[in-house]
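Chain A is the first sequence line, chain B the second, and so forth, proteins listed ahead of strands; every chain is numbered from 1. Excluded from the calculations below are hydrogen atoms, water molecules and symmetry mates; all remaining heavy atoms, backbone and side chain alike, are included.
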Protein chains: 2
Amino acid sequence: MHRRSKQKEAILRILRETTSHPTADWIYEQVRKEIPTVSLGTVYRNLKTMKEQGVILEMEFSGNLSRFDGNSDNHHHFRCDNCGRVFDIDEPVDNELDERVATSTGFLVSYHRLEFRGLCIDCQH
Amino acid sequence: MHRRSKQKEAILRILRETTSHPTADWIYEQVRKEIPTVSLGTVYRNLKTMKEQGVILEMEFSGNLSRFDGNSDNHHHFRCDNCGRVFDIDEPVDNELDERVATSTGFLVSYHRLEFRGLCIDCQH
DNA sequence: ATAATAACGATAATCATTACTAGTTAGGTG
DNA sequence: CACCTAACTAGTAATGATTATCGTTATTAT
């Protein structure tokens, strides 16, 4: 069963008050302004449980955990959530998409990455 | 000017001999079989320079470096390569895409992530 | 109010990656 | 061919994000 805590409530409120997509560390700094003794571990723990409950969304971004490919043309990938293997996907790359986003946002869009997730054939049983 | 080394050549050959998308550590283990004294740093260094030369492709995957979102419906993101900020993108989510990939691969596709990259308005000058 | 235990703060551990440093080697020049 | 120098190497320390541990605190059902 779940208990309430002012730390958890502060984290969720701060997250909902911003339109940016903050990192755990940024959230930690904000929470510290009202609860100076809060621990970074507490922020991570609560973000994790709220994510599991579907209350918030975690976006994993590029950073470390790289994988390498011997040929260097743009293509999409599928990653198996169970075994972690990565497969090439044959869907054509939609360059028009970049243009649409560019005109609607005013950003300079250089490319996009499309990553499928799920279970590969071996891991479906 | 560039010099050749058997380490660099082994790394590239191993990468081209596999259809999987190996991690740096996996490549390191393979190279060790023929050059037992090779260092993990050497593998990373060569992967980095080959990536910069466009010889190989680096795919950055989810891992750490997470960002969080207060609302939890599926939408796409744009990340600025200069300031690192993340913006929501209004393009509709194409669920049909998952089905197409599922039928063509036999995988169980639960979702996809679409990430645009480039420069936001503030960073174009 | 009390007892059970979820959640906490502090800190150590982990994991992928990068930085540093002293020694080695490729390859152009005399 | 011998030499020189900068590129490359192995080994190791450092970094940065995240997770685990552990003794303490505090929420909530009884």
Would the number of heavy atoms belonging to other residues, nucleotides or ligands and lying under 6.0 Å from CG of B:Asp25 be above 12? yes
Nearest whole angstrom, please: distance from the [atom2] of [N] to the [atom1] of [X].
{"X": "B:Arg4", "N": "D:dT9", "atom1": "CZ", "atom2": "P", "answer": "13 Å"}
{"X": "A:Glu52", "N": "C:dA7", "atom1": "CD", "atom2": "P", "answer": "12 Å"}
{"X": "B:Glu9", "N": "D:dC8", "atom1": "CD", "atom2": "C1'", "answer": "13 Å"}
{"X": "A:His2", "N": "C:dA4", "atom1": "NE2", "atom2": "C1'", "answer": "17 Å"}
{"X": "A:Glu29", "N": "D:dG16", "atom1": "CD", "atom2": "P", "answer": "14 Å"}
{"X": "A:Met50", "N": "C:dA6", "atom1": "CE", "atom2": "P", "answer": "18 Å"}
{"X": "B:Leu47", "N": "C:dA16", "atom1": "CG", "atom2": "P", "answer": "15 Å"}
{"X": "A:Asn46", "N": "C:dG9", "atom1": "CG", "atom2": "C1'", "answer": "13 Å"}

Counting only side-chain N and O atoms of [X], is one of them less than 4.0 Å from OP1 or OP2 of [N]?
{"X": "B:Tyr44", "N": "C:dT17", "value": "yes"}
{"X": "A:Ser5", "N": "C:dC8", "value": "yes"}
{"X": "A:Arg45", "N": "C:dC8", "value": "yes"}
{"X": "B:Gln7", "N": "D:dA10", "value": "yes"}

Of all the heavy-atom pairs spanning [X] and [Y], show the shortest one and how long it is.
{"X": "A:Phe78", "Y": "A:Cys120", "result": "CE2-N, 4.0 Å"}
{"X": "B:Ala24", "Y": "B:Leu47", "result": "CB-CD1, 3.9 Å"}
{"X": "B:Ile35", "Y": "B:Ala10", "result": "CD1-CB, 4.3 Å"}

For the pair B:Thr18 (side chain) and B:Leu15 (backbone), establish whether a donor and an acceptor sit closer than 3.5 Å, ignoring hydrogens and angles.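 Looks like no, no N/O pair under 3.5 Å.
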Once you build an axis from the first five pairs and another from the last five of the helix from C:dA1-D:dT30 to C:dG30-D:dC1, how far apart in angle are they, to 10 degrees?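 It comes to 20° between the two terminal axes.
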Using only heavy-atom distances, decide whether a donor-acceptor pair under 3.5 angstrom links the side-chain of B:Arg3 to the base of D:dA6.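 Such a pair exists between side chain and base.
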Are the charged groups of B:Lys33 and B:Glu29 less than 4.0 angstrom apart, N to O?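 No, no charged N to carboxylate O under 4.0 Å.
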Comparing nearest nucleotides in DNA chain D, the 5'-proximal residue of the pair A:Lys6, A:Asp25 is A:Asp25
The correct set of residues in residues 33-41 of chain B placing a heavy atom under 4.0 Å from DNA chain D is B:Thr37, B:Val38, B:Ser39
Distance flag, aromatic centroids of A:Phe87 and B:Phe107, threshold under 6.0 Å: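 Centroid separation for B:Phe107 and A:Phe87: below 6.0 Å.
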Can you say whether the rings of B:His21 and A:His77 are parallel (under 30°), tilted (30 to 60°) or perpendicular (over 60°)? perpendicular
Residue A:Lys48, side-chain heavy atoms: nucleotide from D:dA20, D:dT5, C:dT17 that is nearest: D:dA20
Checking salt bridge (charged side-chain N to carboxylate O under 4.0 Å, His left out) between B:Glu9 and each of B:Arg4, B:Arg16, B:Arg3, which is the one that passes? B:Arg4
Salt bridge (Lys or Arg N to Asp or Glu O under 4.0 Å) against B:Glu99, all qualifying residues, sequence neighbours excluded: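 For B:Glu99 there are no salt bridge (Lys or Arg N to Asp or Glu O under 4.0 Å) partners, ignoring immediate neighbours.
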